[in-house]
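None of the values given here were measured: they were computed from a predicted structure. Numbers for residues simply follow the sequence, beginning at 1.
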Amino acid sequence: MQYFYITYSNKISRIQGHENGCYFYHDGFLYSLDLNKKMIQPVCSRANCLHDSESDPERRKACHAFVSDQDPDVVSLMLYQDQLFVCIDRLSGRQTYGTVDRLSYGHSSIIRIASDGSSRELFYENEDIQIDITMLHRGYIYFQCKTFVLSDDSISSKDSIQRLNVQKKEPKPETVYALSEDQHLEGYGSVFQAYGKYVYFDYAYFDQNGHHDSTFIYDTETGEVNETDTLNYGGAPPCFYNGKLYCHAYVRGKGNNEETDIYCLGLDGTNSETMMKNIPQGKVLLSDGKYLYLENGWMVLDGDEEVKRFWVYDQDMNLVDELAVPDTYLGTFTPPVGGTDYQYQIFDDSENGAWGIYVFDKSKIGTLHGAPYPQEKIV
């Protein structure tokens, strides 16, 4: 899993880095950015294909880079070896069951595309479930699965974590974990993360013993799932750095500026050790594998600070640099830190029709001293 595409509580799922740039989804098609050539091209190698410039609807859909003729509600792009997997979940409209009106998810599918654009096929499809979150790690696609149970006057959902083996031609979902009948989900599970042999997911739920805000750690080698409240981080995901898991002790009900500690643990959630003290709990911890970052996107959203920033630390917890987020980023939270060498950001200028990728060369870290990080615009 490319864990460095995690933000506060989201995965920037329409971007995946490769060794010389990134793959990304835009307006129905899959593209690849080549940093050496400073060029963006559709992921299709079909001869005589006009790709996204094709006007004929059928020929347009035949392009191997084609994903959807409508912008889906959920698009998750995953890279594994020489294959790209694109998960699509489309909101089909409102439906009424008895006295209950709800949004109905009518179609979930996963498309497999060769990373050189030489082939495309439907990998998995299910019209009876809702796929909320997906992640590909060590040859398996993990997803949060919702199956709705309808009666005359109510709607409930059964929630489970399932996975698909990407090596199989027609894979059948395997259940990793399912909430029991007396565990009632509160909202949605958080974003998946994975590192080494472990997969992490969390549920807020009620049972006969009250409210729980738990993280579940799945050992992919033994198949065991352990529940812990040690990583109760209030929605902000932990991050991974140098073979350790890093969290901050977020306390619900306290303000963003109230101080907390940052601690690290083993990947199995044990052996907690305090690493940094007196950090505002509204700042969230991220990592790209080379550095640790604190970001304040949530604090800016709540009005506690004015400018979105990254504070960059090395493995000895020394402050290396401070980076402001440029005005080009229009999202609610701070953008993800990106990979070790580069950070990517999709842009779309509706006024003049231009779109493409902003690239931040992270070799500039250590020289910015609070200035906005510079970006190269590739149209």
Side-chain angles (χ1 to χ4, degrees), residues 1-7 10-46 49-53 63-68 75-88 111-120 134-137 141 166 194 286-291 293 310 312 323 325-326 328-331 334-349 353-365 368 372-379:
M1 180 197 175
Q2 297 189 351
Y3 64 89
F4 37 81
Y5 284 101
I6 296 288
T7 66
N10 299 295
K11 180 160 72 75
I12 305 300
S13 56
R14 300 186 180 203
I15 300 176
Q16 287 282 274
H18 59 70
E19 61 182 10
N20 188 39
C22 67
Y23 296 103
F24 67 99
Y25 169 88
H26 179 268
D27 198 20
F29 284 81
L30 200 60
Y31 297 90
S32 177
L33 164 67
D34 186 321
L35 275 178
N36 289 335
K37 298 178 181 179
K38 303 293 169 59
M39 183 180 296
I40 295 170
Q41 292 183 310
V43 183
C44 177
S45 61
R46 291 179 68 241
C49 182
L50 297 180
H51 314 302
D52 50 359
S53 299
C63 173
H64 287 166
F66 176 82
V67 174
S68 176
V75 178
S76 186
L77 174 61
M78 299 163 283
L79 174 63
Y80 181 72
Q81 295 179 352
D82 59 350
Q83 300 174 98
L84 290 155
F85 294 83
V86 187
C87 178
I88 299 172
I111 301 168
R112 173 161 48 194
I113 302 174
S115 59
D116 62 358
S118 59
S119 65
R120 183 190 64 186
T134 55
M135 178 194 72
L136 201 159
H137 185 65
I141 295 175
V166 301
L286 301 168
S287 176
D288 62 8
K290 182 177 181 180
Y291 294 115
Y293 301 79
F310 289 123
V312 188
L323 322 175
V325 176
T328 55
Y329 182 71
L330 304 176
T334 307
V337 294
T340 303
D341 299 317
Y342 297 95
Q343 183 235 44
Y344 305 106
Q345 177 186 323
I346 301 171
F347 73 87
D348 200 331
D349 190 337
W355 58 271
I357 291 283
Y358 286 117
V359 181
F360 165 38
D361 182 349
K362 297 174 77 172
S363 66
K364 304 291 193 303
I365 289 178
L368 298 177
Y373 56 78
Q375 295 173 309
E376 180 180 5
K377 186 176 184 180
I378 301 178
V379 179

> With respect to F310, which candidate in Y293, Y329, F360 satisfies the ring pair (Phe, Tyr, Trp, His ring centres under 6.0 Å) definition?
Replying inline: Y293
> Between R120 and I111, is any pair of side-chain heavy atoms under 4.5 Å apart?
Replying inline: yes
> Who pairs with S118 by side chain to side chain contact (heavy atoms under 4.5 Å, CB included), at least two apart in sequence or on another chain?
Replying inline: S45, A114, D116
>> For a 4.5 angstrom cut-off between non-hydrogen side-chain atoms, does D361 reach E376?
In response: no
>> Any donor-acceptor pair under 3.5 Å linking the side-chain atoms of Y373 with those of Q343?
In response: yes
> Centres of the F29 and H51 rings: under 6.0 Å?
Replying inline: no
>> H26 vs D348, test: side-chain contact (heavy atoms from CB on, under 4.5 Å). Steps then yes/no.
In response: CA-CA 9 Å; H26 179 268; D348 200 331; 2.7 Å; yes
> Checking K362 against Y342: charged group under 6.0 Å from the ring centre and within 45 degrees of the axis?
Replying inline: no
>> So L136 and M1, do their side chains get closer than 4.5 Å, heavy atoms only?
In response: no
> Is there a side-chain contact between L368 and P374, using heavy atoms and a 4.5 Å cut-off?
Replying inline: yes
> How are the rings of F24 and W355 set to each other: parallel, tilted or perpendicular (split at 30° and 60°)?
Replying inline: perpendicular
> With sequence neighbours excluded, what pairs up with S115 under the side chain to side chain donor-acceptor pair (under 3.5 Å) test?
Replying inline: none
> Between D288 and G338, which heavy-atom pair has the shortest distance, and what is it?
Replying inline: CB-O, 3.2 Å
>> If we count only N and O atoms by modelled type, under 3.5 Å, do the side chains of D52 and Y31 hold a donor and an acceptor together?
In response: yes
